[in-house]
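Remarks on the structure that follows.
Small disclaimer: the values here were computed from a predicted structure and weren't measured. In what follows, chains carry the letters A, B, and so on, assigned in the order in which the sequence lines appear, proteins first and then strands, with residues in each chain numbered from 1.
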Amino acid sequence: MTKDSRREYQKYNMPDEKGYFGTYGGKFVPELLMPALSELESAYRVANRDPRFTSEFNYYLNEFVGRPTRLTFAERLTNHYRRAQIWLKREDLCHTGAHKINNAVGQVLLAQRMNKKRIIAETGAGQHGVAVATACARFGLECIVYMGSEDMERQKLNVERMKLLGAKVRPVESGSRTLKDATNEAIRDWVTHVESTFYVIGSVVGPHPYPMMVRNFQTVIGQETKRQLEEKNLGTPDILVASVGGGSNAIGFFYPFIEERQVRMIGVEASGLGLQSGKTAATLTLGRPGVLHGTRSYLLQDGEGQVKLAHSVSAGLDYPGVGPEHAWLYDQKRAEYVSVTDEEALKAVELLSRKEGIIPALESAHALAWLETLMPQTVENQIVVLNLSGRGDKDMRTIAEHLDRESRGADRI
Amino acid sequence: MKGNRRLKMLFERKKENERILSLFLTAGYPDPGWSAELIVGLAEHGADLIEIGMPFSDPLADGPTIQYSSQVALEQGITMEKTLQIVQDVRAQTDIPLILMGYTNPLISYGVERFCEDAVKAGADGLIISDLPPEESGLLRSSTRMAGLSMIFLVAPNTPDERMRRIDEISDGFIYCVSVTGVTGARDGDEIADSVDRFIERVNRNITRNPTLIGFGIRSRDDAIRISKNVDGFIVGSSLIDLIRESYPNSGWDKKVYSFVKQLKIGNIK
């Protein structure tokens with residue numbers, strides 16, 4: 001570590017004014033969206049400096065989302081591994097069941113400020129879609145959610161939730177009919193209705209200023225964690241662990257700790273059926289830099305630069321790209337990125353359910369599964385904080401099918 | 001002939017009452033084996049300029065038609081190398097200006113510098129990248145300049161005056177005017193007619209260095225006449241592909257396509 005790069009962290013101030021985190025980020029969008037991005041950028045800049053906006057955002061985070069979320073000591077999980085203490089940041093306790101609502105409320109408040117009455121969003125598993133539909137219902141705005149028809153089939157319950165909340169769910173039949181294509185379709189809608197419409201992106205992806213803005217709306221996770229650790233006299237944590245798809249829960253959790261070099265930050269990607277299987281979503285581990293959905297970052301792609309289909313049992317991690325800030329943290333080796341398989345994540349769901357009485361979302365279970373590898377490397381007086389980004393109710397069908405398969409396997413033996 | 005030379009000559013030779021007819025076709029559609037022959041045929045039947053689409057898995061600026069043709073082409077194994085081979089085959093038979101149109105990722109995957117060199121070698125004259133606004137075009141511009149490839153940018157109804165002027169300054173070849181806010185695709189004529197006059201008036205006030213072609217939504221000769229009154233020409237893509245989609249591979253499909261092209265040409269019929 002050179003002196004210079006150490007100084008860089010001390011005043012970590014990414015992205016630059018062009019929206020770049022090193023060589024990642026930017027605004028790779030059709031000309032039609034450039035005026036909209038400038039408008040959004042300046043509106044966000046003003047709002048971000050306006051104490052009224054901040055206090056309004058905080059008000060809804062507290063009263064509507066239910067923040068602050070708890071920092072829970074996972075006593076029996078800690079005893080299970082007999083090493084460092086494990087603490088869980090309980091984003092699963094947020095209204096609608098995951099951290100996604102933090103960002104949805106932030107962006108919808110901004111949309112209101114910009115007098116945009118028509119809200120669009122993309123969704124994969126439906127968690128972001130539900131969060132946006134929820135925020136739109138609360139503020140009385142029109143809401144249209146693009147969702148791959150394949151995902152609509154897999155996540156029927158969330159489709160029903162969005163409808164109940166008054167959102168229109170538009171099935172996307174193009175391409176792979178999953179999150180990647182839903183995002184294409186949302187961008188096409190935005191291009192077409194650019195004056196009237198606010199596009200609420202669900203993760204730290206897309207063109208500038210989205211990766212920065214979504215991160216800032218999610219930073220409440222890390223800020224609370226920091227404060228809660230101090231309140232509990234636990235001081236600086238040793239290791240932070242979070243799952244990474246697009247990477248919004250991880251970046252919101254990591255961000256306030258980036259300048260504290262002694263804190264290890266670990267992002268856990270989904271390797272699906274395995275890194276060698278070709279059916280994976282481990283973008284940082286297996287991808288190479290490219291441009292998709294308006295941003296330059298790591299990307300799962302073939303030799304021709306065509307985007308590959310991702311695979312993960314967790315629909316929220318089933319995305320061939322990753323946020324540009326993660327790409328930068330990865331290249332700088334400030335954060336470590338690892339991966340776990342579908343199978344390992346499903347086992348972790350069971351472990352946390354049995355040990356702590358908490359059913360985690362499949363996304364969050366990827367972070368939990370990494371504990372199997374991580375915990376033996378730790379020692380007793382260390383502190384590991386894991387961001388439990390969501391709860392597992394939405395995944396019960398997938399989980400039940402897995403348990404069923406397993407018990408049938410056991411019968412055979 | 002050096003790349004942008006051909007484009008320059010095209011606009012210099014244009015007659016007052018004539019409109020440049022530019023056609024868009026996805027490379028490898030309807031069949032990679034057909035592409036070169038089809039493009040040569042389009043040139044022979046009245047096209048003045050051809051835009052060859054380089055298929056991408058995620059064409060987010062395109063409507064259903066070009067999404068479809070891109071997907072078909074990819075499924076049939078189109079690659080960047082094959083696309084450049086098509087350019088080369090066409091160039092061996094005609095001197096019509098050829099513009100490659102696509103998205104950033106396949107280009108940077110191929111290697112920007114290598115791409116520009118190979119494209120010019122194959123006989124391409126210019127480049128349009130749908131998701132590369134001027135702000136991000138730095139990664140291309142020294143390579144296009146060195147290779148002698150025209151860099152064509154777009155302006156749209158929501159592009160402010162000052163931005164139009166800046167785009168005029170950094171473009172060479174022509175400016176692609178997007179007639180409506182939206183993705184590519186054929187539209188109801190009235191949908192474009194309403195606001196387009198005001199837009200074109202702004203275009204002509206701000207774009208003074210480059211010729212202007214208008215595109216997005218043109219389905220017929222009538223549309224073209226109405227919309228291209230005060231620009232140098234127009235671009236038809238989705239309607240052409242829709243027609244191919246309807247008729248290919250029935251016998252006489254190519255004749256149908258060529259007669260559509262013939263009637264699109266306004267003024268100075270070859």
Does any heavy atom of chain A fall under 4.5 Å from the side chain of B:Val183, the backbone, both, or neither of them?
both
Per-residue contact mode, B:Thr79 against chain A (heavy atom under 4.5 angstrom)
both
Are B:Thr184 and B:Asp62 close enough that a side-chain donor and a side-chain acceptor fall under 3.5 Å?
yes
Verify the distance criterion only: is there a donor paired with an acceptor across the side chains of A:Ser174 and A:Asp181 at less than 3.5 Å?
no
Ranked by heavy-atom pairs below 4.5 Å to chain A, first place among B:Arg163, B:Gln71, B:Glu135, B:Met80 goes to B:Arg163
For B:Asn105 and B:Tyr110, test the side chains for any donor-to-acceptor distance below 3.5 angstrom and give the result as yes or no.
no
Where does A:Pro30 contact chain B at under 4.5 Å (heavy atoms): side chain, backbone, both or neither?
both
Option in A:His293, A:Lys180, A:Arg188, A:Glu304 with maximal non-hydrogen atom pairs under 4.5 Å from chain B:
A:Arg188
B:Ile129, part contacting chain A, at a heavy-atom distance under 4.5 Å
neither
Side-chain donor-acceptor pair present, B:Arg219, B:Ser239, cut-off under 3.5 Å:
no
Using a cut-off of under 4.5 Å for heavy-atom pairs, which of A:Val191, A:Val194, A:Leu292 has the most such pairs with chain B?
A:Val191
Can you say whether B:Leu154 sits under 4.5 Å from chain A via the side chain, the backbone, both, or neither, judging by heavy atoms?
both
Any idea which of B:Pro106, B:Pro64, B:Ala156 has the most non-hydrogen atom pairs under 4.5 angstrom with chain A?
B:Pro106
Taking atom types as modelled and ignoring hydrogens, do the side chains of B:Thr26 and B:Ser69 form a donor-acceptor contact shorter than 3.5 angstrom?
yes
Check: A:Ser176/A:Thr178 side-chain N/O donor and acceptor closer than 3.5 Å:
yes
Quick check on the 6.0 Å ring-centre criterion: do A:Tyr298 and A:Tyr24 meet it?
yes
The interface call for B:Leu139 against chain A, heavy-atom contacts under 4.5 Å, is side chain
Any donor-acceptor N or O pair under 3.5 Å, side chains B:Asn210, B:Ser171:
no
Side-chain H-bond candidate by donor/acceptor type, B:Asp131 with B:Thr104, under 3.5 Å:
yes
At a heavy-atom separation under 4.5 Å, does B:Pro55 approach chain A through its side chain, its backbone, both, or neither?
backbone
Non-hydrogen atoms of chain A under 4.5 Å away: do they reach the side chain of B:Leu74, the backbone, both or neither?
side chain
Below 4.5 Å, heavy-atom pairs only: which of B:Gly63, B:Pro160, B:Ser130, B:Ser137 has the largest tally toward chain A?
B:Ser130
Of all of A:Arg288, A:His193, A:Glu173, which one pairs up most often with chain B through heavy atoms under 4.5 Å apart?
A:Arg288
